[in-house]
Amino acid sequence: MKENRSFGAVLTLVLLFLLPLPSRAAATKTLDIYFIDVEGGAATLIVTPTGRSLLIDTGFPGDRDAGRIAHVALEIAGLKQIDHCVITHWHRDHVGGVPALAKLIPIKNYYDHGLPQTLGSDLQAEFIDAYKQTTEGKSITLKPGDEIKLQRSPKYLPPLDVRVIAAGGMVLGEQSIAPQVRPCGENFEARAEDTSDNVNSVAILLTFGRFKFFDGGDVTWNIENRLVCPKNLIGPVDVFQVDHHGVDSSNNPTMVRAIQPRVAIIDDGPRKGAEPNTFATLKQSPLIEAIYQLHRNLRSADKENAMVGYIANEEEACLGNFIKLSVEPDARSYTVSIPAKQISRSYRTR
Ligand SMILES: [Zn+2]
């Protein structure tokens, strides 16, 4: 009798193991993030395990960047359309590619921080007008706290959450009247108020199970301080798309220390971004394991650039090599690769 009972228990366990869970589907494919080289602009393509897509920024105006983005989306990621496209802010290296890209691949939904009421001296009407024409005025204005729904079912595992934590100069939980410069924290360093549209950048935190990725667009120093003080709204992350192409007016060390990235990826150009203070801040970050750059910064010494093998494009006359990040279906590890160089390395999720 005793033996029969234990046989029955084993059988039940085996059956339980074999039966699919009725209400939760586990991911079988990776979550992929492509950092497309637009030579000092931004274009980050996220593809979920179920094939949904989100493009954050579209590079510069013209055919070069649109062509590179469409190539990755259509031929590398195998997409037929871009489901969601977020324009972090109105600078030409982010919004510029929209009209040309929309001719190469259908883009279903557009998001931004709101069309400007008046044009600041850093904004050019032609790119905003071209965007309005392409989107037919149907873009969605993002506010801190908004979610961009990428997953077909909330029951899909691991859960995926794409959340706006800053937009329009406001960070999550703050009132719209909050001043830009707000002293906070022991190491607070005042910087002059930034009057450019960079402060309005949409900042996105992606969580996939245990894996966390932060893309802050071009947010600058004062906003970065508010993102981590008094409350750390970003939290520790696995991968940090370095703010503002690695320019030193962004990448406040207070924020970088607070988010403790393991892997940093800089979407710089040969002569834009990946600046020395930012590079030093990243290198000094206690848990950093790797720094990647889309381009070698030709204005900096080798010691202020990522190591050989961590740079996708060495020369100014480049082929536009992209960096690919793939998070395993269980989100416990991820791989960063430079496919054109056949380089890839794996990291454990924190
Ligand atoms: Zn930019």
Side-chain angles (χ1 to χ4, degrees), residues 33-46 54-62 64-66 68-69 85-101 110-116 119-128 130-131 142 164 166-169 191 194-204 213-224 227 240-252 255-256 264-275 277-279 281-282 292-295 297-299 312-313 318 320 322-323:
I33 306 179
Y34 300 89
F35 301 86
I36 300 164
D37 177 34
V38 290
E39 304 195 20
T44 305
L45 177 65
I46 298 165
L54 163 64
L55 175 68
I56 306 175
D57 293 320
T58 59
F60 288 93
R64 183 198 68 189
D65 294 352
R68 288 180 183 176
I69 297 166
C85 175
V86 171
I87 300 301
T88 59
H89 63 297
W90 300 116
H91 287 161
R92 64 196 291 271
D93 54 325
H94 297 256
V95 68
V98 166
L101 181 63
Y110 290 92
Y111 307 80
D112 52 61
H113 71 67
L115 290 161
L119 273 193
S121 58
D122 59 321
L123 299 183
Q124 291 151 293
E126 62 174 299
F127 304 122
I128 298 167
Y131 173 81
L142 293 171
V164 175
R191 284 264 173 115
D194 179 1
T195 57
S196 81
D197 197 43
N198 289 329
V199 297
N200 297 318
S201 277
V202 174
I204 286 176
F213 166 65
F214 177 60
D215 175 351
D218 285 0
V219 288
T220 46
W221 198 270
N222 300 322
I223 301 284
E224 290 174 326
L227 277 169
F240 171 39
Q241 177 178 311
V242 177
D243 287 344
H244 199 182
H245 323 285
V247 168
D248 283 348
S249 57
S250 299
N251 302 298
N252 188 331
M255 183 199 69
V256 177
I265 298 178
I266 312 178
D267 53 354
D268 61 334
R271 296 178 192 280
K272 178 183 172 186
E275 292 182 348
N277 289 344
T278 295
F279 193 76
T281 301
L282 293 170
Y292 288 85
Q293 289 173 210
L294 275 174
H295 270 271
N297 178 359
L298 300 173
R299 301 167 307 170
N313 298 280
C318 69
F322 62 87
I323 295 173

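Order of appearance sets the numbers: ligands from 1, and atoms from 1 within every ligand.
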Run the side chain to side chain contact (heavy atoms under 4.5 Å, CB included) check on Val38 and Asp93 step by step: do they pass? CA-CA 8 Å; Val38 290; Asp93 54 325; over 6 Å; no
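Of all N, O or S atoms in Asp93, the one lying closest to the Zn ion (ligand 1) is OD2. The Zn ion (ligand 1) lies closest to atom NE2 when only the N/O/S atoms of His94 are considered.
Angle NE2 (His245) to the Zn ion (ligand 1) to OD2 (Asp218): 110°, rounded to 10°.
At a threshold of 4.5 Å between non-hydrogen side-chain atoms, the residues His113 and Trp90 count as touching. Inter-residue side-chain proximity for Tyr110 and Val98 is flagged as met; some heavy-atom pair is nearer than 4.5 Å. Side-chain atoms of Asp112 and Tyr131, non-hydrogen and from C-beta on, do get closer than 4.5 Å to each other.
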